[in-house]
Number of protein chains: 2
Amino acid sequence: MPKETFFNLPEAKRQRLIDLALAEFAENDYDTASISRLVAQAGIAKGSFYQYFENKEDLYTYLLALGAEAKAQFLGSNPPDPAMGTFAYIRWLSAAGIQFELARPQLSQIGYRAVRGGALPAALQEQARTGAAVFFRQLVEQGQARGDIAPEIDADLAAFLFNVIFTELGGYLLNRLPDEVGKDDGRSLFETPEAARLFDQVLHILEAGMGTT
Amino acid sequence: MPKETFFNLPEAKRQRLIDLALAEFAENDYDTASISRLVAQAGIAKGSFYQYFENKEDLYTYLLALGAEAKAQFLGSNPPDPAMGTFAYIRWLSAAGIQFELARPQLSQIGYRAVRGGALPAALQEQARTGAAVFFRQLVEQGQARGDIAPEIDADLAAFLFNVIFTELGGYLLNRLPDEVGKDDGRSLFETPEAARLFDQVLHILEAGMGTT
DNA sequence: CGGTCATGTGACTGGCTGGTCATATTGAAA
DNA sequence: TTTCAATATGACCAGCCAGTCACATGACCG
């Protein structure tokens with residue numbers, strides 16, 4: 001946790017620091033991200049940074065927590081229809097994930113790095129990974145309880161598939177359809193028939209393969 | 001490319017160096033892998049290393065090439081039935097990939113890191129990534145030409161799905177079924193009904209979702 | 001004014017990195 | 001035995017890094 005000093009900072013300065021830290025950790029992995037660079041960018045002394053945070057990992061976990069909170073809030077502000085079927089829910093979930101990626105690219109990138117691993121404190125990586133795994137596992141079990149996913153499907157395996165596909169799908173679509181990005185309206189990507197077609201096709205494949213119909 | 005000096009080395013010494021380098025780059029990503037550590041391990045002088053290789057990247061690309069060659073040879077030595085359908089071929093391909101992972105874990109790990117990205121020279125990453133993408137793309141197009149994959153499926157999207165699933169599936173299975181690993185016979189993983197069941201289920205899902213039947 | 005407490009500072013430490021280079025060793029040919 | 005090119009060496013360099021600490025600044029209070 002950041003120290004009290006950090007939260008005592010004037011709002012503007014604190015936010016500026018957060019923004020610069022987000023930029024640093026979005027552009028670089030944990031090892032490559034540099035506190036020296038960050039403080040130089042921010043125009044504060046190295047010592048001041050260590051008045052705000054215990055150490056590098058402290059800042060990083062704080063940014064991760066910010067990202068998790070922002071994403072939860074983002075998803076909560078566009079809640080899905082509760083009566084939605086499992087596959088429709090998954091479609092909604094990943095569409096919302098891409099919206100979030102467009103709206104908060106830095107936060108997304110940092111979370112992506114955490115889940116996808118690479119150089120970062122082992123404990124954090126494990127936490128992020130298992131968090132995602134558990135979530136998808138529950139999703140699948142719920143889907144089977146509701147009769148949306150065939151009971152003979154191995155729940156853990158299906159969770160793995162959802163996890164890996166939807167972790168990467170956003171990046172794939174954004175990379176494939178770069179022209180659709182950058183319009184002021186974050187929803188633009190899904191107004192194009194092309195994006196919707198690809199999206200639906202993935203869901204259709206999974207539903208045909210795992211569904212009960 | 002390594003310098004001539006490297007290839008002039010006595011076979012035993014050269015192989016020993018390669019083995020230690022494989023260990024170093026399998027355990028650490030490109031940035032974290034350390035030439036200083038490597039030469040200390042090998043008991044040679046820092047300067048000697050730079051008589052053998054241009055620099056760190058030179059060694060790394062050499063190891064990657066070794067890995068690619070070893071894998072190609074491995075796959076070539078268990079060739080699939082040429083009359084095999086596309087999905088059976090994909091099943092064979094990923095099973096062989098896991099066998100390779102069991103037989104040459106260090107080479108696999110290095111290749112995995114290259115494809116999956118993280119800290120490494122951008123040019124190499126791009127090369128590894130697009131190499132895999134192109135391969136799967138061709139696979140899908142061939143599958144459509146043979147009538148195994150439905151023509152209305154977006155070929156690039158399907159290639160993406162195969163790519164992402166089979167890049168991660170090996171690690172998932174190895175992680176989920178660790179007891180099956182470690183037996184002297186590399187083929188052991190697939191003699192267990194459990195592994196075969198999971199494997200078949202993935203293929204079944206994909207075939208039901210993308211096939212023509 | 002003096003005191004006290006939170007905050008700010010940047011030179012500094014110790015440790016690591018990839019890479020260089022003048023020098024030493026080796027081994028074989030002449 | 002002399003010579004000469006290939007190879008081996010490790011001290012050294014510049015550049016990073018995370019983290020520390022003795023000290024400076026500033027603000028509020030009596």
Side-chain angles (χ1 to χ4, degrees), chain A residues 1-18 20-21 23-25 27-64 110 113 118-124, chain B residues 1-18 20-21 23-25 27-64 110 113 118-124:
Chain A
M1 266 303 231
K3 299 182 184 174
E4 202 188 327
T5 320
F6 178 67
F7 296 108
N8 291 343
L9 245 35
E11 170 67 18
K13 184 171 182 181
R14 205 179 71 235
Q15 194 55 53
R16 189 176 126 74
L17 223 80
I18 290 177
L20 289 170
E24 180 69 19
F25 279 87
E27 274 165 31
N28 304 96
D29 64 63
Y30 181 82
D31 278 349
T32 310
S34 158
I35 303 299
S36 300
R37 213 156 39 205
L38 171 61
V39 297
Q41 274 264 320
I44 66 172
K46 193 85 160 278
S48 294
F49 174 85
Y50 286 93
Q51 303 259 17
Y52 304 149
F53 299 94
E54 298 288 345
N55 48 42
K56 188 182 186 177
E57 186 173 335
D58 187 27
L59 167 61
Y60 179 69
T61 56
Y62 178 62
L63 295 181
L64 271 188
I110 292 172
R113 279 193 207 282
L120 76 154
L124 286 178
Chain B
M1 264 302 230
K3 300 182 183 174
E4 202 188 329
T5 320
F6 179 68
F7 296 108
N8 292 342
L9 243 35
E11 169 67 17
K13 184 172 182 180
R14 205 180 71 234
Q15 193 56 52
R16 189 176 126 74
L17 251 167
I18 291 177
L20 288 170
E24 180 68 19
F25 279 88
E27 273 164 31
N28 304 96
D29 64 65
Y30 181 82
D31 278 350
T32 309
S34 158
I35 303 299
S36 301
R37 214 156 39 208
L38 171 61
V39 297
Q41 273 263 321
I44 65 172
K46 193 83 160 282
S48 295
F49 175 85
Y50 286 94
Q51 302 259 22
Y52 305 148
F53 298 94
E54 298 290 346
N55 49 40
K56 189 181 186 178
E57 186 173 336
D58 187 27
L59 167 61
Y60 180 69
T61 55
Y62 178 63
L63 295 181
L64 271 188
I110 293 173
R113 280 192 206 283
L120 76 155
L124 286 177

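Remember, predicted model here, so these are calculated numbers, not experimental data. Sequence lines set the chain letters: A, B, ... in the order given, protein chains first and strands last, and positions in each chain run from 1.
Spacing between atom CG of B/Asn8 and atom C1' of D/dT7 amounts to 10 Å, rounded to whole angstrom units. Atom CG in A/Asn55 sits about 8 Å away from atom P in D/dT20, given to the nearest Å. One interatomic measurement links the two molecules: CD1 of A/Ile44 to P of C/dG10, which rounds to 11 Å at whole-angstrom precision. Following rounding to the nearest Å, B/Glu54 (CD) and C/dG18 (P) show an atom-to-atom distance of 16 Å. As a whole-Å value, the separation of A/Asp31 CG from C/dG18 P is 13 Å. For the pair A/Tyr50 OH and D/dC21 P, the interatomic distance rounds to 13 Å; values are reported in whole Å. Atoms OH (B/Tyr52) and C1' (C/dG18) sit 18 Å apart, rounded to a whole Å. For the pair A/Asp58 CG and D/dG19 C1', the interatomic distance rounds to 13 Å; values are reported in whole Å.
Using bins of under 30°, 30° to 60° and over 60° for the plane-to-plane angle, the ring pair A/Tyr60/A/Phe25 lands in the tilted bin.
In this structure, the side chain of B/Lys3 engages the main chain of B/Tyr50 through a donor-acceptor pair within 3.5 Å. Listed for the B/Tyr30 side chain is a donor-acceptor partner under 3.5 Å among the backbone atoms of B/Glu57.
Each of A/Leu59, A/Leu17, A/Ile44 was scored for a side chain to side chain contact (heavy atoms under 4.5 Å, CB included) with A/Leu38, with one residue passing: A/Leu59.
Contact of A/Lys46 with C/dA11 (side chain to base): no donor-acceptor pair of N or O atoms is detected under 3.5 Å.
Distances were taken from every side-chain heavy atom of B/Thr5 (C-beta onward) to each of C/dT9, D/dC17, D/dT7; the shortest belongs to D/dT7. The A/Ser34 side chain lies nearest to D/dA18 when the options are C/dT9, D/dT9, D/dA18. When the nucleotides C/dG18, D/dG19, D/dA8 are ranked by their closest atom to the side chain of B/Ile35, C/dG18 comes out on top.
Nucleic acid contact for A/Ala33: sugar-phosphate only, since backbone atoms but no base atoms lie under 4.0 Å from a heavy atom of the residue. When heavy atoms are screened at a 4.0 angstrom cut-off, A/Lys13 is found touching the sugar-phosphate backbone but no base atom.
Residue B/Ala45 is the one, among A/Lys56 and B/Ala45, whose nearest nucleotide of DNA chain D lies closer to the 5' end (criterion: closest heavy atom). When each of B/Gly47 and B/Glu4 is assigned the nucleotide of DNA chain D bearing its nearest heavy atom, the one mapping closer to the 5' terminus is B/Glu4.
In terms of phosphate contacts, A/Ser36 brings a side-chain nitrogen or oxygen within less than 4.0 Å of OP1 or OP2 of D/dA18.
The CZ atom of A/Phe53 sits 12.0 Å away from the OG atom of A/Ser48 when rounded to the nearest 0.5 Å.
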